Undergrad: 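Provided herewith is a single structure, encoded as structure tokens, for subsequent inquiry.
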Protein chains: 2
Amino acid sequence: MTTNRSRPAGRPATIPDVAREAGVSRSTASRALADYGSVSPDARERVRAAAEKLGYRPNLLARSMITGRTHTLGAIVADIQNPFFAGVTRGITDAARAAGYQVLLANTDEDVAAERAAVKMLRDKHVDGLIVAPAATTETGHLAAAHAAGCPVVLLDRQAPGLPADSVTVDNHGAAQDAVRRLLAAGHRRIALVSLLGSAPSADAGAERAAAATPLPTDPVSTGLERIEGYRAALREAGLSDTDTYLRTGTFHREDPADLTADLLALPEPPTAVFATDSMIALGVLSATRDHGLRVPDDLSLVTFDDTDWARAVRPRVSVVAQPVQELGARAVHSLITRIEGTTRPPEHTVLDTEFIDRESIAPPPGA
Amino acid sequence: MTTNRSRPAGRPATIPDVAREAGVSRSTASRALADYGSVSPDARERVRAAAEKLGYRPNLLARSMITGRTHTLGAIVADIQNPFFAGVTRGITDAARAAGYQVLLANTDEDVAAERAAVKMLRDKHVDGLIVAPAATTETGHLAAAHAAGCPVVLLDRQAPGLPADSVTVDNHGAAQDAVRRLLAAGHRRIALVSLLGSAPSADAGAERAAAATPLPTDPVSTGLERIEGYRAALREAGLSDTDTYLRTGTFHREDPADLTADLLALPEPPTAVFATDSMIALGVLSATRDHGLRVPDDLSLVTFDDTDWARAVRPRVSVVAQPVQELGARAVHSLITRIEGTTRPPEHTVLDTEFIDRESIAPPPGA
DNA sequence: CGCGCATGTGGGAACGTTCTCAATCGCGGG
DNA sequence: CCCGCGATTGAGAACGTTCCCACATGCGCG
């Protein structure tokens, strides 16, 4: 064994070790390994060989201390188990890895306090930037603070008005309007919307059964709101002025979409079509519909946001507004990275296209 | 402004800043903040106030350099978009956060090279430990190396024989056997198994259409193998010695479960029941079944591993082998953390219980 | 009265890297 | 012959923290 006895076997090799082995100084070794400055071909090769021999791996922590960059991104989403966020996260990790970054993941369950805690932790770990699907549109002080302190933030899927950050979203208003138009075109007039948005006020205050039409949750998620507005616009466009009769919005973890749907179906004049604002809500609608003995699409038509694997496999196949989930994530990463690399430009709002995929869940209303 | 002018405004406060502000030394400030050693109540309070005033946040990178611990875990899974891994990942991140750890996420798409690259990157970033759903059972040198170098590894969902690491799995053999027994009990004799396991050999060599029964992919994932063995055991138990007639296994990214199923249904004597080894395969089976004009469960019974949200919502509701996905992740985290905290004990293999949930997708075979 | 001990405190090293700076060498041109 | 310049090199600082050790106090006890 000719290995240097000053390195106690177990300890991984460091730059000084490599330098000693190669017979050069730390500086030269560092230069050779990081490939900058000028190093003689001879020294470069000796260092390379020494590093190889000792199995040298750079300590990225130490490097980050100096450079101030960790090549780590923070991703804060509501719930990775929601297929939408799973797809987005997939897009984020893939794009990040391709660009030489890693991703630190956090779930919020739509809870602002959890989001704040996550931001704090990720910043303490010095992530280079944050990709956030904010749980609230107004309580964004922690995001603004991060951004101001030089930790760029990119908003994903959702907007936050006051925040001068990049965002990557979808035209929720337009897509919702388009989807509802298709239901209208099929002859429907009693079209319901089922959605979950925003978290409960705080304690158990507030409406315990928010099933009644209008009272929207406090500080709802922008995405849901936009979809509701698109829905209303389509109805108004068709001459239906009373846009809230069949509008049902609950709060996360409080209301079950299936219950909301059951209420709807128990109405004297029940809806003949339902627009669900995401795939998990569609599942609830589906479940309630069938428990009520109704069939899709003969008795009730269904359209939902998000194209999941099951929407293609069940019968009838369900018609959906497909979002480019992975690309949403990938674009967010690119936006964030160009911001990290130092470009200072005004906030950029990327809006990606959705695609309406017409399958088998829309039919004319029963009586027609 | 009375803030210390030696700190150029933008720069975040450090321990020296706090110490200066509190009129003590770095050491005392550090002790007061980290709450160790002995500090007078007076000094402690002054430091606390100074830290508060300056908005001091510890630099976790610097701390990690010293302590050698990052409080970061690496999670390497096949595909976060697979509901099983989404659930597992959810369990991991939640349990990790509760224990004061963060999670760095990597997807492998069942590719060993990607797994190796992920391990390298995560180790370079000095994660305290690794939770891995290994893409292969034999090529685990990189995992063994990590483990030996003091970066503990916990195997998740899958085994790797040669590796002296903790593992958290499920009794795949028993659960599969139990599921197939139920199909047998309903009167079925022609029971198929559809699965995807292992990645293709390497280039485009090998069978291009591996639909023919026996040739299993090289180095398949242990989980799939165990389920197949459970399936075979149940069949043999019922006196059916030819266990491979209706056995169809493909390789990831090569074969489509729907195609495998279509082949099965085109047989002169098609199966009357199908056992799918995970939810994404069940979706393919479902799709092919219905494209073939058959109905579940009247024409074909179906059982699958993994209880997903859609399995409860579609009609017929599908009977499943439910795995405790979140707990799988949580247990892996606990196993890993106790290992990190220094306990040296022989490898521990945790096996969690599955639950068979009988719903509506099993009926007697058509002729009965 | 002096010794030991516990408590509080500060100085300095260490972690492993990058970066700035000055020093050395060889060599061609004035 | 000497100056200057580029290429190459090494010493030392820095990043922000934790840890080890030495040093002062103060107090009880022999």
Side-chain angles (χ1 to χ4, degrees), chain A residues 4 6-8 10-48 50-51 54-72 123-126 128 150, chain B residues 4 6-8 10-48 50-51 54-72 123-126 128 150:
Chain A
N4 198 311
S6 69
R7 186 168 62 86
R11 194 171 67 75
T14 67
I15 286 206
D17 297 325
V18 173
R20 230 186 327 266
E21 178 77 25
V24 297
S25 71
R26 283 199 316 282
S27 316
T28 304
S30 179
R31 270 188 291 262
L33 292 169
D35 198 37
Y36 79 98
S38 77
V39 183
S40 69
D42 173 58
R44 183 184 309 275
E45 176 53 27
R46 287 213 313 281
V47 169
R48 201 206 50 71
L54 301 182
Y56 170 76
R57 301 257 69 207
N59 183 332
L60 265 29
L61 259 52
R63 176 178 298 173
S64 293
M65 282 244 45
I66 299 295
T67 62
R69 300 266 302 280
T70 54
H71 280 259
T72 305
R123 288 195 57 197
D124 282 354
K125 290 212 168 157
H126 286 225
D128 290 341
Chain B
N4 198 313
S6 70
R7 187 167 60 88
R11 195 171 66 74
T14 66
I15 286 207
D17 297 325
V18 173
R20 230 185 327 266
E21 178 77 26
V24 297
S25 71
R26 283 198 316 283
S27 313
T28 303
S30 178
R31 270 188 292 259
L33 291 170
D35 198 39
Y36 80 97
S38 73
V39 182
S40 69
D42 173 57
R44 184 185 308 274
E45 176 53 27
R46 287 212 314 281
V47 169
R48 200 205 51 72
L54 301 182
Y56 169 77
R57 300 258 70 207
N59 183 331
L60 265 29
L61 261 52
R63 176 178 296 173
S64 293
M65 281 245 43
I66 299 295
T67 61
R69 300 268 302 278
T70 54
H71 280 257
T72 304
R123 288 194 57 196
D124 283 353
K125 290 213 168 157
H126 287 224
D128 289 342

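We name chains A, B, ... by the order of the sequence lines, and we start the count at 1 in each one. These figures come from a predicted structure and were not determined experimentally.
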Undergrad: Would you please confirm or rule out a distance under 4.0 Å between OP1 or OP2 of dT9(C) and any side-chain N or O of Ser40(B)?
TA: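 Looking at the OP1 and OP2 atoms of dT9(C), one of them is under 4.0 Å from a side-chain N or O of Ser40(B).
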Undergrad: Any idea which heavy atoms bring Gly37(B) and Arg31(B) closest together, and the distance?
TA: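 Shortest heavy-atom separation between Gly37(B) and Arg31(B) comes out as CA-CD, 4.1 Å.
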Undergrad: Side chain of Arg26(A) only, please: which of dT9(C), dT18(C), dC19(C) is the nearest?
TA: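 When the side chain of Arg26(A) is considered, dT18(C) is the closest of dT9(C), dT18(C), dC19(C).
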Undergrad: So, for Ala22(A) and Arg46(A), which heavy atoms are closest and what is the spacing to 0.1 Å?
TA: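 Smallest interatomic distance, heavy atoms only, reads O-NE, 2.9 Å.
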Undergrad: Identify the 5'-most and 3'-most nucleotides of DNA chain D with at least one atom closer than 4.0 Å to a non-hydrogen atom of chain B.
TA: dG16(D) to dC19(D)
Undergrad: Taking atom types as modelled and ignoring hydrogens, do the side chains of Lys125(A) and Thr72(A) form a donor-acceptor contact shorter than 3.5 angstrom?
TA: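 On atom types as modelled, these side chains do not qualify, holding no pair under 3.5 Å.
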Undergrad: Using five base pairs at each end to define the local axes, how bent is the helix from dC1(C)-dG30(D) to dG30(C)-dC1(D), to the nearest 10°?
TA: 70°
Undergrad: Counting only non-hydrogen atoms, which of residues 57-71 of chain A are less than 4.0 Å from DNA chain D?
TA: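 Under 4.0 Å from DNA chain D: Met65(A), Ile66(A).
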Undergrad: Grab the two heavy atoms, one from Thr14(A) and one from Tyr56(A), that are nearest each other, plus how far apart they are.
TA: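 Looking at all heavy atoms of both residues, the shortest contact is C-CE1, 3.7 Å.
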Undergrad: Could you tell me whether the side chain of Thr67(A) and the main chain of Arg63(A) form a donor-acceptor pair under 3.5 Å?
TA: yes
Undergrad: In this structure, which one of Val47(A), Val18(A), Val39(A) forms a side-chain contact (heavy atoms from CB on, under 4.5 Å) with Val24(A)?
TA: Val47(A)
Undergrad: Counting C-beta onward and ignoring hydrogens, is there a side-chain heavy-atom pair between Met65(A) and Met65(B) closer than 4.5 Å?
TA: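 They are in contact (side-chain heavy atoms under 4.5 Å apart), so the answer is yes.
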Undergrad: Any heavy-atom pair between the side chains of Leu60(A) and His126(B) that's under 4.5 Å?
TA: no
